[in-house]
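Have a look at the structure below, then the notes.
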Amino acid sequence: MTVTVTLPERSQTAASIRPAAIIEKPSLIGLDREALGNALREKGVPEKQIKMRVAQIWNWLYVRGVSDFDHMANVSKDMREMLKTHFTIARPEIVEEQVSNDGTRKWLLRFPPRGAGRPVEVEAVYIPEEGRGTLCISSQVGCTLTCSFCHTGTQKLVRNLTAEEILSQLLLARDRLGDFPDRETPVGTMMPSSDRKVTNIVMMGMGEPLYNFEEVKKALLIATDGDGLSLSKRRVTLSTSGVVPEIYRTGEEIGVMLAISLHAVRDELRDMLVPINKKYPLKELIEACRNYPGLSNARRITFEYVMLKDVNDSLEDAKGLIQLLKGVPAKINLIPFNPWPGTNYQCSDWAQIEKFADFINQAGYASPIRTPRGRDILAACGQLKSESERMRKTERLAFEAMMIANHGEDDD
């Protein structure tokens with residue numbers, strides 16, 4: 001049974017009734033400490049107070065998880081009034097929240113236009129498992145990559161998300177799950193057997209993260225800051241279709257785990273499935289992976305491989321995959337294809353997927369087959385789309401889906 005959470009009418013129409021001046025207030029979310037200090041300095045906060053005020057606000061935003069300046073109890077009233085006048089720390093508007101019968105949650109979130117001409121919408125998805133809770137975060141509104149098997153890729157790019165908007169997806173999810181101090185978890189919510197509800201995040205929602213590198217970098221460095229949200233970098237995975245020049249920078253400047261949307265082992269096929277391959281072919285991509293900073297058997301690269309019937313699922317393809325990845329510490333996630341209206345592809349037969357997985361396992365690579373998740377709310381990889389192009393609910397219920405799993409390490 002799918003549950004759609006009905007939100008208060010005010011929250012669903014808030015964007016249309018808020019004064020423009022309020023919407024355009026700059027947010028303090030997504031600023032690093034230096035930028036946060038500069039923002040306070042520009043509003044007249046004395047220099048001798050800057051370090052203390054930055055530490056206070058940082059703690060309230062990322063440890064306590066407040067979204068209202070009035071809740072910053074140890075900040076003076078005058079300071080709180082100044083902050084309210086000039087800045088915002090509000091969460092994005094929730095247009096819709098869906099809860100799958102397997103505990104997967106999907107939020108449709110609305111952000112201000114910021115040059116797009118109208119408010120924009122993205123989706124974020126939470127997947128609870130026994131030992132972890134994984135949040136899938138979007139980095140762009142739409143996508144430029146036009147991967148032929150991906151439903152998200154059929155929506156044109158509208159704009160990049162800001163560091164604030166990327167980070168806000170994590171903050172909102174933790175709000176809704178009761179994952180900040182003194183917050184209650186919603187009754188009936190499925191949760192991992194861990195102290196935290198969100199233990200892992202994956203940059204695997206809408207968009208190509210490495211085409212929005214600087215904003216993604218800012219957001220992830222805050223998410224992994226030890227004095228704030230404090231996620232381990234080994235529990236954060238960035239997924240790319242293969243923007244080769246930025247792969248090394250990801251390891252060097254962000255230091256998170258890497259996932260590659262591979263899906264084919266021959267250039268001619270990958271050119272069709274993942275068109276960015278025409279710009280950065282397999283040889284360049286795998287070389288960039290071999291040189292990924294910090295790569296080791298303890299910090300493997302995950303290679304995503306969607307299983308398409310009679311396209312890339314033969315044992316010859318499996319042999320080619322082993323050959324291609326030879327010498328690269330890797331894990332291979334096999335993803336049964338998620339159908340969507342208008343697609344020309346079919347999912348590989350389950351017996352064939354298992355044969356493929358067995359062959360890879362025997363060659364010494366871990367190759368988990370993703371478990372179907374969120375099938376009733378269309379929350380799967382490649383199925384995230386914004387409201388303007390979403391399928392009718394009756395259609396969505398007909399399609400099997402699965403969700404992000406097995407990304408990042410289980411232990412710090």
Side-chain angles (χ1 to χ4, degrees), residues 122 124-125 134-153 155 157 160-161 163 166 169 200-221 223-224 233-265 267 270-271 273-295 299-306 321 324-325 328-333 335 370 381-382 384 404-408:
V122 300
V125 179
T134 302
L135 181 69
C136 178
I137 293 177
S138 295
S139 58
Q140 295 178 310
V141 185
C143 190
T144 61
L145 295 179
T146 64
C147 298
S148 61
F149 58 88
C150 179
H151 192 219
T152 308
Q155 181 184 358
L157 179 69
N160 286 334
L161 294 178
I166 295 167
Q169 296 171 65
N200 293 53
I201 61 175
V202 291
M203 295 301 306
M204 199 177 286
M206 295 170 63
E208 165 55 66
L210 296 189
Y211 277 155
N212 188 18
F213 183 88
E214 294 299 334
E215 297 302 306
V216 168
K217 173 184 171 180
K218 290 177 192 174
L220 293 186
L221 288 180
T224 56
K233 290 187 177 183
R234 291 179 62 184
R235 288 175 173 263
V236 177
T237 301
L238 184 148
S239 176
T240 176
S241 292
V243 185
V244 167
E246 308 295 352
I247 287 177
Y248 187 86
R249 287 187 66 198
T250 299
E252 191 71 15
E253 299 178 28
I254 308 178
V256 296
M257 306 294 279
L258 183 69
I260 303 291
S261 295
L262 189 62
H263 312 307
V265 297
D267 279 322
R270 195 166 191 267
D271 286 350
L273 296 178
V274 189
I276 195 177
N277 194 73
K278 297 173 185 176
K279 188 172 184 179
Y280 305 114
L282 284 168
K283 183 177 179 181
E284 293 181 27
L285 174 59
I286 299 304
E287 186 62 23
C289 290
R290 289 184 197 282
N291 294 319
Y292 190 69
L295 184 63
R299 292 175 65 86
R300 298 171 294 176
I301 293 175
T302 299
F303 289 88
E304 309 288 352
Y305 198 92
V306 66
L321 183 56
L324 182 70
L325 301 183
V328 179
K331 177 170 66 176
I332 301 161
N333 269 359
I335 310 169
R370 287 210 184 144
C381 299
L384 303 187
I404 301 94
N406 302 314
H407 283 285

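Every value quoted in this text rests on a predicted model; they were computed, and no experiment measured them. Nothing fancy with the numbering, it's 1 onward along the sequence.
- Between the side chains of Ser139 and Glu208, no donor N or O sits under 3.5 Å from an acceptor N or O.
- Between Asn200 and Val202 the shortest side-chain heavy-atom distance does not fall below 4.5 Å.
- The two residues Gln140 and Val122 come nearest to each other via the heavy atoms O-CG1, 3.9 Å.
- Taking the side chain as every heavy atom from C-beta outward, Asn212 and Ile166 approach each other to under 4.5 Å.
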* Asked: Yes or no on salt bridge (Lys or Arg N to Asp or Glu O under 4.0 Å) for Lys279 and Glu284, after CA distance, side-chain angles and deciding distance?
  -> CA-CA 10 Å; Lys279 188 172 184 179; Glu284 293 181 27; over 6 Å; no
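- The backbone N or O of Ile254 lies less than 3.5 Å from no partner atom in the side chain of Lys217, so there is not a single donor-acceptor pair.
- Contact check for Arg234 versus Thr224: no side-chain heavy atoms found under the 4.5 Å cut-off.
- The CG atom of Leu135 sits 7.0 Å away from the CD1 atom of Ile201 when rounded to the nearest 0.5 Å.
- Residues Ile247 and Tyr280 form no side-chain contact, since every pair of their non-hydrogen atoms from C-beta on lies 4.5 Å or further apart.
- Across Leu161 and Ser138, no two heavy atoms sit closer than the pair CD1-O, 3.4 Å.
- Between the side chain of Arg270 and the backbone N or O of Leu262 there is at least one donor-acceptor pair closer than 3.5 Å.
- In this structure, Met204 and Ser239 approach most closely via the heavy-atom pair CE-CB, 3.6 Å.
- Checked for salt-bridge contact, Glu246 and Arg249 meet the test: a charged N lies under 4.0 Å from a carboxylate O.
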* To do: Run the numbers on Lys218 and Glu215 for salt bridge (Lys or Arg N to Asp or Glu O under 4.0 Å), then give the verdict.
  => CA-CA 5 Å; Lys218 290 177 192 174; Glu215 297 302 306; 3.1 Å; yes
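- Remark: Leu282 CG to Leu325 CG distance equals 9.5 Å, nearest 0.5 Å.
- Separating the SG atom in Cys289 from the CD1 atom in Ile301 is a distance of 4.0 Å, to the nearest 0.5 Å.
- For the atom pair OG1 (Thr302) and CD1 (Ile260), the distance works out to 9.5 Å, reported to the nearest 0.5 Å.
- Here the closest non-hydrogen pair linking Leu221 and Lys233 is CD2-NZ, 4.0 Å.
- Between Val256 and Leu238, the shortest heavy-atom contact is CG2-CB, 4.0 Å.
- Taking each heavy atom of Tyr292 and Met257 in turn, the nearest pair found is OH-C, 4.4 Å.
- Proximity of Leu258 to Leu295: side-chain heavy atoms (C-beta onward) are nowhere separated by under 4.5 Å.
- The side-chain heavy atoms of Ile286 and Phe303, taken from C-beta on, include a pair separated by under 4.5 Å.
- Interatomic distance, Ser261 OG to Leu285 CG, rounded to the nearest 0.5 Å: 10.0 Å.
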